[in-house]
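Below you'll find the structure, written out as structure tokens, and then a few comments.
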Amino acid sequence: MSQRAFGTCFFEQYAQISLSALLGSEFDCLVNRDRPDLQSEDCRSIGIEVTRAMEESKRAEQELLKDIAGITPAPRDEEMEQILENGYAYGLQKGKYIGIKELSYWSMALPMRRILESKISKVGNGFYGRFDKMGLYVFSRENLDRSEAVKAMNYTLQLQKYQDIRYNRLYIADIDDLFVCNLDDGLKESSRLIRYPITQDQRKAFYLEAIRRQNHID
């Protein structure tokens, strides 16, 4: 399993699994392609780019891997076995997960503001093509409150206001929530954002299913 394959496809699979589980069957048949990362099979209806926003530190890398798995503080034996089989080491003293295959990949991750600027610029210049519905799915290491999600949503609206090609939806996945932001024109701010809680058991299930799919691909 290559570093690039695990670092990218795993999170794209996790994003698709969470969208399907939390938002419904519209996202069931998304496939993992490039430009953007998730697409409807007709390559026209839905296109979703998947990315990450987090501070650039080794501690953040370790914490995100632990949080996204939903396993705290210590896994059961069968969970430990699955984690180790997929290139992880568990620090028994400190309770930290370290993604051996992820460390150099995660060092390239950027904070939320820069990620939004980069991805919105790319969608605007046609880098991801044209879809009936365009989405941006961002993993956040920080556990955001509603006001912080609204700030990210409003910044996205501001950046892409005059673009011909733009995102229709912004999905922000933090540790406990998926914030779904409707970016279409003509809506009031109060009706733009819906917050979907993500339980620890759901995180664990999403994580293990993404691992299973990744292993199947490889």
Side-chain angles (χ1 to χ4, degrees), residues 1 3 5-32 37-38 48 50-55 57-103 105-106 109 112 135-146 148-149 170-180 194-218:
M1 183 186 298
Q3 176 181 311
F6 192 92
T8 57
C9 293
F10 168 81
F11 288 96
E12 292 153 15
Q13 295 286 358
Y14 188 104
Q16 188 276 324
I17 292 163
S18 66
L19 288 170
S20 182
L22 297 171
L23 303 185
S25 59
E26 179 183 10
F27 301 95
D28 287 352
C29 58
L30 293 181
V31 294
N32 195 181
D37 299 311
L38 297 174
I48 299 176
V50 179
T51 190
R52 296 141 298 276
M54 54 178 271
E55 64 179 280
S57 71
K58 188 172 182 179
R59 178 188 174 111
E61 295 161 3
Q62 296 173 352
E63 289 296 324
L64 180 59
L65 290 166
K66 180 178 70 174
D67 292 336
I68 202 173
I71 304 171
T72 309
R76 299 191 298 271
D77 291 343
E78 64 270 22
E79 293 169 340
M80 168 78 82
E81 186 175 338
Q82 284 185 290
I83 290 169
L84 292 176
E85 284 176 355
N86 288 282
Y88 287 88
Y90 182 69
L92 294 176
Q93 299 300 317
K94 295 184 179 180
K96 303 291 186 184
Y97 292 99
I98 302 174
I100 296 171
K101 299 173 182 176
E102 311 295 24
L103 292 181
Y105 175 78
W106 278 112
M112 179 72 74
L136 177 61
Y137 190 111
V138 183
F139 285 94
S140 171
R141 170 65 190 92
E142 299 302 319
N143 205 2
L144 307 177
D145 60 29
R146 184 182 179 87
E148 292 167 323
L170 173 64
Y171 308 99
I172 305 175
D174 66 11
I175 297 169
D176 298 318
D177 308 280
L178 177 66
F179 294 96
V180 180
I194 300 176
R195 183 177 191 169
Y196 294 85
I198 303 176
T199 67
Q200 182 177 337
D201 286 343
Q202 285 176 315
R203 294 204 314 273
K204 188 185 303 183
F206 299 163
Y207 174 85
L208 293 176
E209 175 61 13
I211 287 290
R212 185 193 69 78
R213 291 187 189 183
Q214 182 64 52
N215 288 340
H216 179 73
I217 292 172
D218 293 341

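All values below come from the heavy atoms of this structure, side chains included, with hydrogens, waters and symmetry mates left out.
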For Leu178 and Leu19, the nearest pair of non-hydrogen atoms, with its separation, is CD2-CD2, 4.2 Å

When rounded to the nearest 0.5 angstrom, what distance separates OG in Ser140 from CD1 in Ile172?
7.5 Å

Minimum heavy-atom distance Gly135-Tyr171, with the two atoms named:
CA-CE1, 4.2 Å

Can you give me the closest heavy-atom contact between Leu22 and Pro197, atom names plus distance?
CD2-O, 4.0 Å

Rounded distance [0.5 Å steps], CZ in Phe179 versus CG in Leu170:
11.0 Å

Under the side chain to side chain donor-acceptor pair (under 3.5 Å) rule, collect the residues that match up with Tyr14, sequence neighbours excluded.
none

Any donor-acceptor N/O pair, Asp37 side chain to Glu12 backbone, under 3.5 Å:
no

What residues form a side chain to side chain donor-acceptor pair (under 3.5 Å) with Asp177, not counting sequence neighbours?
Arg195

Among all residues two or more places apart in sequence or in another chain, which pass the side-chain contact (heavy atoms from CB on, under 4.5 Å) test with Thr199?
Asp201, Gln202

Is the backbone of Asp145 close enough, under 3.5 Å, to the side chain of Glu148 for a donor and an acceptor to pair up by distance?
yes

With no hydrogens and no angle check, just 3.5 Å: does a side-chain donor-acceptor pair link Tyr137 and Ser18?
yes

Leu38 side, atom CG; Asn32 side, atom CG - distance, nearest 0.5 Å:
6.0 Å

Could you tell me whether the side chain of Val138 reaches within less than 4.5 Å of the side chain of Met112, counting heavy atoms only?
yes

Flag, side chain of Gln16 to backbone of Phe27, donor-acceptor distance under 3.5 Å:
yes

Once salt bridge (Lys or Arg N to Asp or Glu O under 4.0 Å) is applied, do any residues pair with Asp176, and if so which ones, sequence neighbours excluded?
Arg203

So which atom in Arg52 and which in Phe11 form the shortest heavy-atom distance, rounded to 0.1 Å?
NH1-CB, 4.0 Å

Do Phe139 and Val50 pass the side-chain contact (heavy atoms from CB on, under 4.5 Å) test, and can you show the C-alpha distance, the side-chain angles, and the key distance before you say yes or no?
CA-CA 8 Å; Phe139 285 94; Val50 179; 3.8 Å; yes

Could you tell me which residues satisfy side chain to side chain donor-acceptor pair (under 3.5 Å) with Glu209, sequence neighbours excluded, listed by chain and number?
Arg212, Arg213

